[in-house]
Every structure is written in C-alpha cells, then in structure tokens.
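Have a look at the structure below, then the notes.
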Amino acid sequence: MLVEPIFNFQKNIMNFSNSSQIKILIVEDDQFMQAILQKFLSATYEIIMKSDGMEAPAFMQSGNLPDLIISDLNTPKLSGLALIEQTKLSDFFNSVPIIILSGEDSSEKRVACPGCRGRRFYCKAI
C-alpha cells in the first residue's frame, strides 16, 4: 500500500501523456477540498465535481467516461469504498484508474482499498 502526502498528489497525476484531453471525476463532499482540487487541477485538466457517491455512477452511466476518478472515502449516500467496488464490478468502467484522497487515516481503511482497486491512497492534511 502506498500512502503519500498530499503535496505529491499533483506530481503523480501529471504522468498522463496528453493532459489537454484528460477528464477527472472528483467525488468529494467537502467544499473546501473541492475548491482546492478545482484550483490546482482545472488549469490543466477537465474537472467534473460530484459531491456524493451516488452522483458519480449516475454521471458515468449517462455515457460519461472519465480518464481518472479521485474519490474521498467518506462521501454521503454512497461511500467511496462502495463507489470503487461498483466501478470494479462494471465491465465498462473497471479500467478507470482510481485515486483515494481521504482524511481517513486508519490502517483498516487503507488495507481495504487495494482490494477495491485503489491504486494510490493520499491522506488529506488536517
């Protein structure tokens, strides 16, 4: 399991080859974190922001395929882990990479993420 500080977050996203066409679906209910992510990523990427876990699958099932999903673990209506599990089970969406961005720092949550395809787990600065 890889746990990295938030300041390494954008550096790792920058590894995409053609950033002008990349769509990032962000699932985050905290307005402050939404504003931070929007500010730092929108200059380079197309950002789609959803504030609860149920909005993300509805958005994707409407024919929208993101290049990357960034999700908090503790989102309303559908948890980040449940969202990841649903994405993993979908034949159409299971290839979308997922980054976990959460204030949850318990090792139990971190261990649960690899089985749900969470490639990276970033802890929010609190």
Side-chain angles (χ1 to χ4, degrees):
M1 172 53 80
L2 179 59
V3 179
E4 298 181 41
I6 189 81
F7 58 82
N8 288 330
F9 178 71
Q10 189 172 13
K11 180 176 73 173
N12 285 305
I13 292 177
M14 302 291 277
N15 290 333
F16 284 104
S17 59
N18 186 359
S19 62
S20 65
Q21 308 223 353
I22 292 174
K23 289 185 211 173
I24 301 176
L25 173 59
I26 299 174
V27 185
E28 173 61 66
D29 61 320
D30 183 87
Q31 291 181 348
F32 180 71
M33 282 303 298
Q34 287 179 355
I36 290 172
L37 293 169
Q38 187 75 35
K39 177 178 172 76
F40 286 102
L41 299 175
S42 64
T44 310
Y45 308 101
E46 179 182 344
I47 302 300
I48 301 99
M49 192 72 65
K50 301 297 177 188
S51 60
D52 72 58
M54 291 300 288
E55 292 176 356
F59 172 78
M60 292 190 298
Q61 291 167 358
S62 297
N64 302 294
L65 183 63
D67 296 296
L68 173 67
I69 298 171
I70 299 173
S71 181
D72 186 5
L73 289 179
N74 300 314
T75 54
K77 298 184 183 175
L78 182 71
S79 75
L81 286 176
L83 170 64
I84 294 165
E85 193 60 40
Q86 280 189 9
T87 305
K88 176 184 172 185
L89 294 174
S90 166
D91 289 335
F92 192 69
F93 302 119
N94 65 6
S95 64
V96 177
I98 299 171
I99 293 176
I100 306 304
L101 180 62
S102 183
E104 182 72 47
D105 194 22
S106 77
S107 52
E108 179 182 303
K109 294 284 186 177
R110 285 188 234 161
V111 169
C113 288
C116 294
R117 291 181 49 257
R119 305 247 193 279
R120 299 218 187 253
F121 189 108
Y122 294 91
C123 293
K124 294 177 188 174
I126 297 176

Next item on the list: Please step through side chain to side chain contact (heavy atoms under 4.5 Å, CB included) for the pair Lys50 and Leu25, ending with a clear verdict.
Entry: CA-CA 7 Å; Lys50 301 297 177 188; Leu25 173 59; 3.6 Å; yes
Checklist line | Any residue meeting side-chain contact (heavy atoms from CB on, under 4.5 Å) with Met49, in chain and number order, not counting sequence neighbours | finding: Ile26, Gln34, Gln38, Ile47
Note to self: Holding to side-chain contact (heavy atoms from CB on, under 4.5 Å), I want the full list of residues that pass it with Ala82, two or more places apart in sequence or in another chain.
What the structure shows: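 Scan of Ala82 (side-chain contact (heavy atoms from CB on, under 4.5 Å), adjacent residues dropped) gives Leu78, Ser79.
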Margin query: As a quick check of understanding, evaluate side chain to side chain contact (heavy atoms under 4.5 Å, CB included) for Met60 and Thr87, giving each step before the final call.
Written below: CA-CA 10 Å; Met60 292 190 298; Thr87 305; 4.0 Å; yes
Notebook entry, point to check: Side-chain heavy atoms under 4.5 angstrom apart, residues restricted to Ile, Leu, Val, Met, Phe, Trp, Tyr: same cluster for Phe92 and Met54?
Noted result: yes
Notebook entry, point to check: Is there a path of hydrophobic side-chain contacts, each under 4.5 Å between heavy atoms of I, L, V, M, F, W or Y residues, that connects Leu89 with Ile69?
Noted result: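 The answer is no; the residues belong to distinct hydrophobic clusters.
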Taking every non-hydrogen atom, the tightest pair across [X] and [Y]:
{"X": "Ser71", "Y": "Gly80", "result": "OG-CA, 3.8 Å"}
{"X": "Leu65", "Y": "Val96", "result": "CD1-CG2, 3.7 Å"}
{"X": "Glu28", "Y": "Leu101", "result": "OE1-O, 4.4 Å"}
{"X": "Leu68", "Y": "Pro97", "result": "CD1-O, 3.4 Å"}
{"X": "Ser51", "Y": "Pro76", "result": "O-CD, 3.7 Å"}
{"X": "Asn74", "Y": "Asp29", "result": "O-OD1, 3.5 Å"}

Next item on the list: Decide yes or no on side chain to side chain contact (heavy atoms under 4.5 Å, CB included) for Asn64 and Ile48, but give the supporting numbers first.
Entry: CA-CA 10 Å; Asn64 302 294; Ile48 301 99; over 6 Å; no
Check: What pairs with Lys23 under salt bridge (charged side-chain N to carboxylate O under 4.0 Å, His left out), at least two apart in sequence or on another chain?
Finding: none
Next item on the list: Would you check, one step at a time, whether the test side chain to side chain contact (heavy atoms under 4.5 Å, CB included) holds for Phe93 with Gln61?
Entry: CA-CA 9 Å; Phe93 302 119; Gln61 291 167 358; 4.2 Å; yes
Checklist line | Side chains of Ile70 and Ile100 in contact at under 4.5 Å (non-hydrogen atoms) | finding: no
Check: Quick check: does any side chain N or O of Asp72 sit under 3.5 Å from a backbone N or O of Thr75, one acting as donor and the other as acceptor?
Finding: no
